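Both backbone and side-chain heavy atoms feed into the values below; hydrogens, waters and symmetry mates do not. Everything numeric here is computed off the predicted structure, so don't read it as measured data.
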Amino acid sequence: MIRLATALALVLTAGVALPSYAQTPLDTRPPHGANQKPQSSDQTRAPLPEKRTEPAVSVIAEDLPQLWSLEVLPDGGMLVTAKEGRMFIVGADGSVGTDIAGVPEVDAAGQGGLLDVALAPDFDTSQEIFVSFSEPRDGGNATSVARAKLVRDDKGARLEGLTVIFRQTPAFRGNNHFGSRLVFGPKGELFVTVGERSNAAVRVQAQDIASGLGKVFRIDRNGAALPDNPFVGTEGALPEIWSLGHRNMQSATLDGQGRLWTVEHGPRGGDELNRPEAGKNYGWPEVTYGIDYSGAPIGAGKTAEIGTEQPVYYWDPVIAPSGMAYYHGETFPHWQGTFLVGGLVTQAVVVLHMDNDRVVAEEHVPVGARVRDVKAAPDGSVLVVTETRGGSSRILRLTQPS
């Protein structure tokens, strides 16, 4: 049974005191890539900001199924996806609606399931939403994107006209590294981030423009490649590809200039902040920071190579990123122009202070649980989806202390 939690201003979550901020630098643990050196001094381990923010945390709703994503509706409600293949609306007051009918079938094993949800840019009139999910297929499964109309009436809430508009290929029999985030660009284009399926036998396809593994795609609302995509007209290439050489992107958002930014999971070390650009190669698995889970180097152990892009910023040890928002509200003035990234391992909202497209400071806001998604709400507060591994979720709100 889902219980509603009383919204309480906290400096602790679930009765656990939030840790105090660390001294500069934020992370003093030795990196897993002990012999690896950044290409620039500001590429990793940024200092804490001079003025740090310690928000009040309130619980909007708890005892929810394991959630994966959240979108704020125009009426203040929250449309959420649950990994197991459910979707419902949580009211601004924490009330939880019944399941939305008509969601696609998902393969929810491992990291798969019902993943991201995004409102169409014209949602107010079209009521269209887009969802990404791990789709069961002949030969295994893969990430797909569907479009549908969200209908709410006296019969309940349901998806009508569900149509799969895009399918990542090839399918693979595995349960890891599906991605996936959906971000609409300033011209109405849809960016789709995916993973490279993790397995060493297939992850090399992140470098192959004939494969859909380890890519950012750029498509229209019908799933077609945009005519100015970088590989349109290239023989053998998938025309939907925007950028390549990615590992597993579960964080993506636009900045204040309408540019796409992503954070992807690295191996043992090597989580990356990137600003993916048309046709560029971000290296994986030939070039990366961090090491394999076995302790061995990834490939030849290269951290830089001509023809591949360096990450804007990287973490070693990792934060395990999921969810991302660009903050431009008034509730937290010191966060203006920052990226807010969910941290699964850090169990915190990771705040990246930016200047001229570089990370100049990093702070963590601990919430006592794995952070799966982060959204900046219209009122300037920050919404945070947390989870216990394989268990339940909460929705939290960060505000200024009273």
Side-chain angles (χ1 to χ4, degrees), residues 68-69 81 83 104 106-118 130-137 139-147 164-185 189-199 201-220 223-226 229-231 237-253 260-267 271-272 274 276-285 288 321-324 372-373:
W68 212 92
S69 63
T81 64
K83 180 180 174 297
V106 305
D107 187 341
Q111 295 174 1
L114 189 59
L115 304 175
D116 206 17
V117 60
F130 292 74
V131 293
S132 63
F133 59 104
S134 54
E135 182 182 38
R137 305 206 202 134
N141 50 43
T143 302
S144 295
V145 179
R147 181 186 67 205
V164 176
I165 63 166
F166 180 78
R167 288 182 166 95
Q168 177 195 32
T169 56
F172 176 71
R173 294 193 186 280
N175 56 16
N176 291 324
H177 293 198
F178 296 94
S180 157
R181 294 292 170 182
L182 304 175
V183 178
F184 278 100
E189 68 273 43
L190 179 59
F191 291 102
V192 181
T193 74
V194 299
E196 38 56 282
R197 307 309 311 274
S198 180
N199 187 283
V202 296
R203 70 187 185 190
V204 294
Q205 293 183 35
Q207 289 293 314
D208 184 357
I209 58 175
S211 167
L213 306 189
K215 307 296 191 300
V216 175
F217 302 107
R218 181 173 174 262
I219 57 177
D220 67 17
L226 276 296
N229 277 0
F231 298 107
L238 297 180
E240 300 90 354
I241 293 173
W242 177 252
S243 60
L244 65 146
H246 299 285
R247 189 169 182 264
N248 189 29
M249 291 170 287
Q250 294 184 340
S251 304
T253 194
L260 179 70
W261 291 74
T262 62
V263 185
E264 65 188 73
H265 288 268
D271 289 351
E272 293 186 2
N274 290 302
E277 296 184 75
K280 292 191 175 181
N281 183 346
Y282 292 82
W284 180 260
T288 185
S322 185
M324 186 177 185
R372 176 55 71 182
D373 201 8

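Pairing each heavy atom of G212 with each of L238, the nearest pair is N-CD1, 3.5 Å. The two residues R247 and H265 come nearest to each other via the heavy atoms CD-O, 3.2 Å. Heavy atoms only, all atoms of each residue included: D220 and I165 are closest at O-CD1, 4.3 Å. Contact record, Q207 with G245: NE2-CA, 3.7 Å, taken as the closest heavy-atom pair. Shortest non-hydrogen contact noted between F178 and S180 is O-CB, 3.5 Å. Summarising the geometry of T288 relative to P267, their closest heavy-atom pair is OG1-CD, 4.0 Å, with the distance given to 0.1 Å.
Rounded to the nearest 0.5 Å, atoms CD (E277) and OG (S243) are 9.5 Å apart. Distance check, rounded to the nearest 0.5 Å: OG of S69 to CG of D373 gives 6.0 Å. Interatomic distance, CZ of F130 versus CG of L182, reported as 9.0 Å (0.5 Å rounding). Taking OG from S134 and NZ from K83, the interatomic distance works out to 7.5 Å, rounded to the nearest 0.5 Å. Residue F166 holds its CZ atom at 4.0 Å from CZ of F217, rounded to the nearest 0.5 Å. Annotation: the span from L114 atom CG to F133 atom CZ amounts to 8.5 Å, rounded to 0.5 Å.
Looking only at side-chain heavy atoms (C-beta outward), P170 and Q205 come within less than 4.5 Å of each other. Within the 4.5 Å cutoff, side-chain heavy atoms of R167 are placed close to those of R137. Contact of the L213 side chain with the Q168 side chain is registered, since non-hydrogen atoms from C-beta on lie closer than 4.5 Å.
Side-chain atoms of R181 never come within 3.5 Å of backbone atoms of T193 as a donor-acceptor pair (strictly under, hydrogens ignored). With hydrogens and angles disregarded, no donor-acceptor distance shorter than 3.5 Å links the side chain of K215 to the backbone of V192. A distance-only check finds a donor-acceptor pair linking the side chain of S132 to the backbone of D116 [under 3.5 Å]. Not one N or O on the side chain of N274 forms a donor-acceptor pair closer than 3.5 Å with the backbone of P276. The closest donor-acceptor contact from the side chain of H246 to the backbone of A206 lies at 3.5 Å or more, if one exists at all. N248 places a side-chain N or O within 3.5 Å of a backbone atom of G179 that can act as its donor or acceptor partner. In this structure, the side chain of E189 does not engage the main chain of F184 through any donor-acceptor pair within 3.5 Å. Checked by atom type and distance alone, the side chain of E196 never pairs as donor or acceptor with a backbone atom of G214 at under 3.5 Å. Judged by distance alone, the side chain of E264 and the main-chain N or O of E272 form no donor-acceptor pair under 3.5 Å.
Residues N141 and R197 have side chains that bring a donor and an acceptor to within less than 3.5 angstrom of each other. In summary, the side chains of E240 and N229 do not present any donor paired with an acceptor at a separation below 3.5 Å, with no hydrogens or angles considered. Side-chain polar atoms of S322 and R372 form a donor-acceptor pair below 3.5 angstrom.
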### Message
I'd like to know whether S198 forms a side-chain contact (heavy atoms from CB on, under 4.5 Å) with Q111, so could you lay out the CA-CA distance, the side-chain angles of the two residues, the decisive distance to 0.1 Å, and finally the verdict.
### Response
CA-CA 11 Å; S198 180; Q111 295 174 1; over 6 Å; no
